[in-house]
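Proteins get letters first, then strands, A, B, ... in listed order; numbering begins at 1 in each. Any value given below was found using the heavy atoms of this structure, including those in side chains, with hydrogens, waters and symmetry copies removed.
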Amino acid sequence: MRVSRLMLVTLREDPAEAEIPSHKLLLRAGYIRRLAPGIYAYLPLMWRVLRKVSQVVREEMDAAGALETLLPQLQPADLWRRSGRWAGYTAGEGIMFHLQDRQGRELGLGPTHEEVITTLAADLLRSYRQLPVNLYQIQTKFRDEIRPRFGLMRGREFIMKDAYSFHADEASLAEAYAAMDRAYRRIFARCGLRAVAVEADSGAIGGSASQEFMVTAEAGEDLILASPDGRYAANQERAVSLPTAARPLPGGLRRGGAGEPLATPGEATIEQLCAGHGLDPSQVVKVLLLLARFEDGAGQPLLVALRGDQQLNDVKLANAVSARLGAEHGALLDLSAITPELLAAQDLPQLPFGYLGPQLDDRLLAGGRSWARGFLRLVDPTAAELEAFVCGANQTDQHLVGASWSGLELQPDVVDLRAAQPGDRCCHDADQRLEATRGIEVGHIFQLGRKYSTAMEACFTTETGSSEPFWMGCYGIGVSRLAQAAVEQHHDANGICWPLAIAPFEVLVVPANAADAVQAELAEHLQARLEEAGVEVLLDDRPERAGLKFKDGDLLGIPWRVVVGRGAAEGRVELVERAGEGSLDLPADALVDHLLPRIRRQRRGLLED
RNA sequence: CGGGAUGUAGCGCAGCUUGGUAGCGCACUUCGUUCGGGACGAAGGGGCCGCAGGUUCGAAUCCUGUCAUCCCGACCA
């Protein structure tokens, strides 16, 4: 390929729309163009990268015994209603683009394909003899992100590989899950990415076991907490740790645990309270009021209690709330703080925010318009384990000292709700402390279990003749996101440094002076020789000055550059590795033999065996 | 959804306070000189100044509305 025929447009300045290095570089180097927020055109260079990533994914999925398919992107609402996800995906997080056709039929643009694939499986897979099956596709997915950003990282339209496996029993599912784990590690290694596998929340997809694959990078949107010994790594949404010990409350219980009033005028925050009375935050029970909104329209007030020095993990909270009320009210759409405005809209009395205690009376909700009449009360273990604590008295400017759960006549519903923090001691070894890294989620594997197959009545006949729902797994890789993550991990001040396995071309041949017939001829000769050897070559044949072509070459990030310049008359060329330092002057005749073994090795990425 | 900001040439921006009919850099076209790390000079093309309404003799500039885009937040009271 010649640069003059490539429709290459590079930018000298950073486009205003880009924030992070990979986004800026992909725009500047002419890989992508934005058409609308979160919607990008993949220009020819980018498409070559995406095809290479896809090919690696395809080869490893095929090797793991999966079958490639292509499923519809337009999906009938009906299917999503049967799985119970239509409302959650269109109303709540509103992540699904949906529309009506001329007959008024409702359709959605697929953000994922569990419903479609499960329907097909139910149709086609009738017997345990046909199992297990693992189907995958690589195609464009649609998600109406509230706030698309970072280019391909969080787009509204993006390329994804998604796979779905069907099994007769749980053990078979576990095998496929392990096989996908191995395949994923090979895929990321082959693409030249340093990735870590972390325990993850299963999120909106649901199910039991799940693991994310994170490309470590500063610009990552996720926080990973990991132990230095490498035995534990988890997304912060999911991470667990040992809390620090609480400092015992001097004086212990007062009034048998009912607590003694303490005047605390103007001390509405834990900080102020502690400063005013010589308390430690770990001696305080903090109360948060939130409202859970459900698919069926129900509004459920939540009263969440945490130890004063701990932070709420809202993903854990959402999971706990769904587990308790999801069956009754359908999908949890939203969690938000209860505000004076919300109380007023319900015609409820105002509450003494800043002075709330866990003993807040349900009767305060009695006159509400639409909310449930009582709080769902959840208590984190750090708070539940306090023998004697300080809490709000549910009266402005008043707290209680020396209260206890039994003394307040409460029976806490205890559930892990606290956010693990960097520096916390690890559960598996209290001598290890969690360290934080940022990561970009590029893959996620789930053991779904029988959630979708049950909802969609997708069953097969077992060996004994009974009918049972499939065991299912699902496995995703963000192909376009992976490509950008590679840039995020592999760039320098001058531009991109693609891992060779996914680079748009393997070698860039640059005649320093295109007007020099000797140089031009040698450059074309080398291009031909390399291509004969199966190497992907880009020739910069533009009549530009050498400096400009070098700058563009750095920006583009092609792993090897062959400069045909001053030495051309003596048959010598210069070889530069983009990610390396220095250069090598060698005879043009020796180039192919020198380069080929190196390129062959680099095509394997970081794969070790 | 809440807060903040910005819409002027393909891209990055100035001009707006103090109204007088649009400018700079990059990119693009032509010519010349250059030619190993984003050259220089000359000449040129390209704008409904986001959109709508208003004020005014006159609006990129002032007022109102609207649309769009970007950033921060959506969590501890």
Side-chain angles (χ1 to χ4, degrees), chain A residues 8-20 23-24 27-30 33-39 92-94 146-151 237 266-273 281 284-291 293 302-318 333-343 350-357 360 380 382-383 392 394 396 417-419 421 493-495 510-516 519 540 542-556 561 563-568 573-574 576 583 585:
Chain A
L8 180 68
V9 177
T10 58
L11 272 32
R12 192 176 303 206
E13 290 164 297
D14 285 334
E17 74 189 65
E19 291 282 308
I20 61 174
H23 188 194
K24 290 178 181 171
L27 285 165
R28 281 189 53 207
R33 274 296 165 107
R34 196 189 71 122
L35 284 188
I39 302 177
E93 292 183 8
I146 306 173
R147 195 178 154 205
R149 55 184 133 177
F150 306 143
E237 292 178 347
E267 296 168 1
T269 68
I270 287 176
E271 238 172 53
Q272 292 163 341
L273 176 66
V284 179
V285 166
K286 157 166 86 176
V287 166
L288 312 176
L289 296 188
L290 298 103
L291 182 70
R293 287 195 308 112
L302 309 176
L303 188 155
V304 176
L306 293 162
R307 206 172 75 190
D309 60 331
Q310 300 298 321
Q311 308 291 312
L312 176 66
N313 178 324
D314 47 7
V315 174
K316 289 180 180 176
L317 175 62
L333 301 185
D334 177 54
L335 285 175
S336 56
I338 291 181
T339 59
E341 293 74 32
L342 284 179
L343 289 170
Q350 289 302 317
L351 295 171
F353 288 116
Y355 302 91
L356 296 175
L360 193 65
D380 184 73
T382 53
N394 293 320
T396 301
L417 295 173
R418 62 181 277 276
Q421 302 287 342
N494 297 317
V510 182
N513 181 357
D516 180 328
Q519 289 183 18
D540 196 343
R542 294 176 298 177
E544 297 288 350
R545 297 159 62 88
L548 185 145
K549 289 191 278 195
F550 294 155
K551 286 286 185 193
D552 271 351
D554 288 346
L555 196 54
L556 290 182
R561 182 171 76 211
V563 182
V564 182
R566 289 188 284 250
V573 296
E574 191 179 319
V576 183
S583 66
D585 185 83

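- With sequence neighbours excluded, the residues that form a side-chain hydrogen bond (donor to acceptor under 3.5 Å, both in side chains) with A:Glu267 are A:His277.
- The distance between atom CD of A:Glu544 and atom C1' of B:G38, rounded to the nearest whole Å, is 10 Å.
- Across all strands shown, the partner of B:G20 is B:C57, judged by Watson-Crick or G-U wobble contacts whose two distances both fall under 3.5 Å.
- Applying the side-chain hydrogen bond (donor to acceptor under 3.5 Å, both in side chains) test to A:Asp554 and every residue at least two apart in sequence or in another chain returns A:Arg561.
- Summarising the geometry, the separation between CD on A:Glu19 and P on B:C71 is reported as 6 Å, rounded to the nearest angstrom.
- Base contact: A:Ile338 has a heavy atom under 4.0 Å from a base atom.
- To the nearest angstrom, P of B:C76 lies 17 Å from CG of A:Asp380.
- As rounded to the nearest Å, B:G50 and B:U61 have C1' atoms that lie 16 Å from one another.
- Across B:G3 and B:C11, the matching C1' atoms stand 29 Å from one another, rounded to whole Å.
- Between the side chain of A:Arg28 and the main chain of A:Asp14, no donor-acceptor pair closer than 3.5 Å is present.
- OP1 or OP2 of B:C1 has not a single side-chain nitrogen or oxygen of A:Arg293 nearer than 4.0 Å.
- In this structure, A:Val563 reaches the bases: a heavy-atom distance under 4.0 Å links it to at least one base atom across the strands shown.
- Rounded to a whole angstrom, the distance from the P atom of B:G23 to that of B:U64 is 29 Å.
- Picking from B:G38, B:G37, B:U69 the nucleotide with the shortest atom distance to the side chain of A:Pro37 gives B:U69.
- No side-chain donor-acceptor contact under 3.5 Å links A:Lys286 to the backbone of A:Ala383.
- Using P as the reference atom, B:G65 and B:A27 are 42 Å apart when rounded to the nearest Å.
- The side-chain hydrogen bond (donor to acceptor under 3.5 Å, both in side chains) search around A:Gln272 returns A:Thr269, not counting sequence neighbours.
- Between A:Phe353 and B:A77, a base-stacking contact is recorded: ring centres under 5.5 Å apart, planes less than 30° from parallel.
- Between A:Leu317 and A:Leu335, the closest side-chain pair of non-hydrogen atoms falls below 4.5 Å.
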N/O to N/O distances under 3.5 Å, protein versus nucleotides 2-9 of chain B:
none

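- B:G7 and B:G15 have their C1' atoms separated by 15 Å, with the value rounded to a whole Å.
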Table of protein N/O atoms under 3.5 Å from nucleotides 12-14 of chain B N/O atoms:
{"residue": "B:G12", "atom": "OP1", "partner": "A:Ala16", "partner atom": "N", "Å": "3.4"}

With the criterion being N/O to N/O and under 3.5 Å, what pairs connect the protein with nucleotides 39-45 of chain B, and how long is each?
none

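- Taking A:Ala568 as the reference, A:Val518, A:Gln519, A:Leu522, A:Val564 meet the side chain to side chain contact (heavy atoms under 4.5 Å, CB included) condition, with sequence neighbours excluded.
- Note on A:Gly565: a base of the nucleic acid sits closer than 4.0 angstrom, heavy atoms only.
- If A:Leu289 and A:Gln519 are placed on RNA chain B by their nearest nucleotide, the residue sitting closer to the 5' end is A:Gln519.
- A donor-acceptor contact under 3.5 angstrom links the side-chain atoms of A:Arg561 to the base of B:G37.
- Counting any heavy atom pair closer than 4.0 Å across all strands shown, A:Arg307 reaches no nucleic acid atom.
- Here A:Ala305 pairs with A:Val285, A:Val379, A:Trp405 under the side chain to side chain contact (heavy atoms under 4.5 Å, CB included) rule; sequence neighbours left out.
- As the counterpart of B:C31, B:G41 is assigned, both hydrogen-bonding distances of the Watson-Crick or G-U wobble pattern falling under 3.5 Å.
- Rounded to whole angstrom, the span from the CG atom of A:Leu302 across to the P atom of B:C76 amounts to 15 Å.
- Here the C1' atom of nucleotide B:C70 and the NZ atom of A:Lys24 are 14 Å apart, to the nearest Å.
- For the pair A:Ile20 CD1 and B:C71 P, the computed distance is 11 Å after rounding to whole Å.
- Nucleotides B:C16 and B:U34, compared at atom P, are 43 Å apart to the nearest Å.
- Under the ring-ring contact (aromatic ring centres under 6.0 Å, His included) criterion, A:Tyr355 pairs with A:His399, sequence neighbours left out.
- Looking at heavy-atom distances under 4.0 Å, A:Arg28 makes contact with a base.
- Considering only heavy atoms from C-beta on, A:Arg542 comes within 4.5 Å of A:Leu548 through its side chain.
- Pairing for B:G10 is with B:C26, a Watson-Crick or G-U wobble pair whose two hydrogen-bonding atom distances lie under 3.5 Å.
- In this structure A:Arg545 satisfies the side-chain hydrogen bond (donor to acceptor under 3.5 Å, both in side chains) test with no other residue, sequence neighbours excluded.
- A:Asp552 comes within 4.0 angstrom of a nucleotide base, judged by non-hydrogen atoms across all strands.
- The 5' end of RNA chain B is approached more closely, in terms of each residue's nearest nucleotide, by A:Asn494 than by the other of A:Asn494 and A:Gln310.
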Would you be so kind as to tabulate the donor-acceptor pairs closer than 3.5 Å made by side chains of residues 308-315 of chain A, with sequence neighbours excluded?
{"residue": "A:Asp309", "atom": "OD1", "partner": "A:Arg307", "partner atom": "NE", "Å": "2.8"}
{"residue": "A:Asp309", "atom": "OD2", "partner": "A:Arg307", "partner atom": "NH2", "Å": "2.9"}
{"residue": "A:Gln310", "atom": "OE1", "partner": "A:Arg418", "partner atom": "NE", "Å": "2.7"}
{"residue": "A:Gln310", "atom": "OE1", "partner": "A:Arg418", "partner atom": "NH2", "Å": "3.3"}
{"residue": "A:Asn313", "atom": "OD1", "partner": "A:Val315", "partner atom": "N", "Å": "2.9"}
{"residue": "A:Asn313", "atom": "OD1", "partner": "A:Lys316", "partner atom": "N", "Å": "3.0"}
{"residue": "A:Asn313", "atom": "ND2", "partner": "A:Gln236", "partner atom": "O", "Å": "3.2"}
{"residue": "A:Asn313", "atom": "ND2", "partner": "A:Glu237", "partner atom": "O", "Å": "3.0"}

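- The salt bridge (Lys or Arg N to Asp or Glu O under 4.0 Å) check on A:Glu17 picks up A:Arg34, with sequence neighbours excluded.
- With A:Asp540 contributing its side chain and A:Val510 its backbone, the two residues share no donor-acceptor pair below 3.5 Å.
- Using a 4.0 Å heavy-atom distance criterion, A:Ala268 is classed as a sugar-phosphate-only contact.
- B:C76 atom C1' lies 14 Å from atom CD of A:Gln272, rounded to whole Å.
- Minimum atom distance to the side chain of A:Lys551 is reached by B:G38, of the listed B:G10, B:G38, B:G36.
- If you check B:C76, B:A77, B:G38 against the side chain of A:Thr10, the one that comes closest is B:G38.
- Among B:G36, B:G38, B:A77, the nucleotide with an atom closest to any side-chain atom of A:Leu555 is B:G38.
- Within the shown strands, nothing qualifies as a pairing partner of B:C49 under the Watson-Crick or G-U definition with both distances less than 3.5 Å.
- Pairing partner, B:C70: B:G4, with both Watson-Crick or wobble hydrogen-bond distances short of 3.5 Å.
- Under the Watson-Crick or G-U wobble criterion, with both distances below 3.5 Å, B:G36 is left unpaired in every strand shown.
- Here the P atom of nucleotide B:A74 and the CZ atom of A:Arg149 are 10 Å apart, to the nearest Å.
- Nucleotides B:G2 and B:U55 are separated by 32 Å at their P atoms, to the nearest Å.
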